Amino acid sequence: MKHLFYSIMLALLLVYSCGNKQQSVSIDNLIVGKWRMVEYGGGYVNTLDTLSFYKNGKADCPPETGEFTYRFITSDSLIICNKSFGEQHYKILKLSNDSLIRQLRRQRIYAYNIDKPVNGEIEKYIRVTNN
């Protein structure tokens, strides 16, 4: 009877620990990689439009130039900053291993002192690589 009890406890412990490992993947790590835009506002896009997010908080947003960084405010709110231009605040509608769907919600343009809410188009991306 003791062996049965210990076997059940061990099985429960293994199931619990495996479940926690899957949940421990943070949203910060999930976004890291290169993403290719596949849809913008329901229309098609240039297949060369990509975003890259790195573990160090830096980002690349070609064809735009500048020094980009990103950070999360909450698990569904992302800010991308272009050091010399401004900030764009996005609502993350979906983020998974293979897809990113976001919508622009606020824009700050430093040179013109613009800081306003925006109801931007929905942008859909698929993962190209992990960085």
Side-chain angles (χ1 to χ4, degrees):
M1 192 67 164
K2 271 186 176 178
H3 291 287
L4 178 62
F5 175 75
Y6 288 121
S7 297
I8 292 172
M9 293 304 288
L10 180 61
L12 289 174
L13 181 63
L14 288 173
V15 168
Y16 177 75
S17 66
C18 289
N20 277 351
K21 284 182 183 176
Q22 290 175 352
Q23 292 176 0
S24 70
V25 174
S26 73
I27 193 163
D28 295 325
N29 291 330
L30 196 54
I31 201 164
V32 170
K34 184 174 183 177
W35 301 87
R36 181 173 48 92
M37 185 183 282
V38 292
E39 190 176 317
Y40 178 80
Y44 292 99
V45 297
N46 180 344
T47 58
L48 299 176
D49 287 340
T50 60
L51 296 172
S52 293
F53 298 98
Y54 303 95
K55 289 181 182 180
N56 62 3
K58 295 194 183 239
D60 289 323
C61 304
E64 296 181 33
T65 59
E67 185 179 330
F68 290 91
T69 60
Y70 73 94
R71 69 180 187 277
F72 288 97
I73 300 302
T74 62
S75 62
D76 66 347
S77 181
L78 172 70
I79 295 177
I80 297 177
C81 298
N82 181 333
K83 186 176 180 182
S84 59
F85 180 75
E87 302 174 6
Q88 292 181 313
H89 297 227
Y90 292 91
K91 170 88 173 167
I92 296 177
L93 304 174
K94 179 181 180 185
L95 177 58
S96 67
N97 282 328
D98 60 356
S99 66
L100 167 63
I101 302 174
R102 67 183 194 169
Q103 181 179 27
L104 183 63
R105 304 302 290 166
R106 179 171 216 85
Q107 188 159 306
R108 292 184 176 151
I109 302 173
Y110 304 143
Y112 301 107
N113 292 322
I114 295 174
D115 184 359
K116 64 179 183 177
V118 176
N119 191 17
E121 297 287 347
I122 293 175
E123 303 171 5
K124 296 181 181 180
Y125 295 83
I126 59 170
R127 184 182 300 276
V128 178
T129 62
N130 295 332
N131 289 346

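Sequential numbering from 1 along the given sequence is applied to the chain's residues. Everything numeric in this text was worked out from a predicted model, so none of it was measured.
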According to a hydrophobic-cluster definition based on side-chain heavy atoms being under 4.5 Å apart (Ile, Leu, Val, Met, Phe, Trp, Tyr only), do Ile27 and Leu100 belong together? yes
Using the rule that Ile, Leu, Val, Met, Phe, Trp and Tyr join whenever any side-chain heavy atoms are under 4.5 Å apart, tell me whether Val32 and Phe72 fall into a single cluster. yes
Which heavy-atom pair separates [X] from [Y] by the least distance, and what is that distance?
| X | Y | result |
| --- | --- | --- |
| Ile80 | Cys61 | CG2-SG, 4.1 Å |
| Ser75 | Ile92 | O-CD1, 4.2 Å |
| Ile79 | His89 | CD1-CE1, 3.2 Å |

Under 4.5 Å side-chain linkage, directly or through intermediates, the cluster mates of [X]:
| X | answer |
| --- | --- |
| Phe85 | Ile109, Tyr112, Ile114 |
| Ile101 | Leu93, Ile122 |
| Val38 | Ile126 |

By salt bridge (Lys or Arg N to Asp or Glu O under 4.0 Å), which residues pair with [X], not counting sequence neighbours?
| X | answer |
| --- | --- |
| Lys94 | none |
| Asp28 | none |
| Glu39 | Lys124 |
| Arg108 | Glu87, Asp115 |

Calculate, to the nearest 0.5 Å, the distance between atoms CD and CG belonging to Gln88 and Leu104 respectively. 5.0 Å
Close side-chain approach of Ile31 and Leu78, heavy atoms under 4.5 Å: yes
Which pairs with one or both residues in residues 71-86 pass salt bridge (Lys or Arg N to Asp or Glu O under 4.0 Å), sequence neighbours excluded? Asp76-Lys91
May I have all residue pairs that pass salt bridge (Lys or Arg N to Asp or Glu O under 4.0 Å) and include part of residues 45-54, sequence neighbours excluded? none
Applying side-chain contact (heavy atoms from CB on, under 4.5 Å) to Glu123 and not counting sequence neighbours gives Met37, Tyr40, Tyr90, Arg102, Tyr125
Under the rule for side-chain contact (heavy atoms from CB on, under 4.5 Å), what residues qualify as partners of Asn119, not counting sequence neighbours? Gln103, Arg105
Name all residues meeting the ring-ring contact (aromatic ring centres under 6.0 Å, His included) criterion together with Tyr70; count only those two or more places apart in sequence or in a different chain, and write none if there are none. Phe53
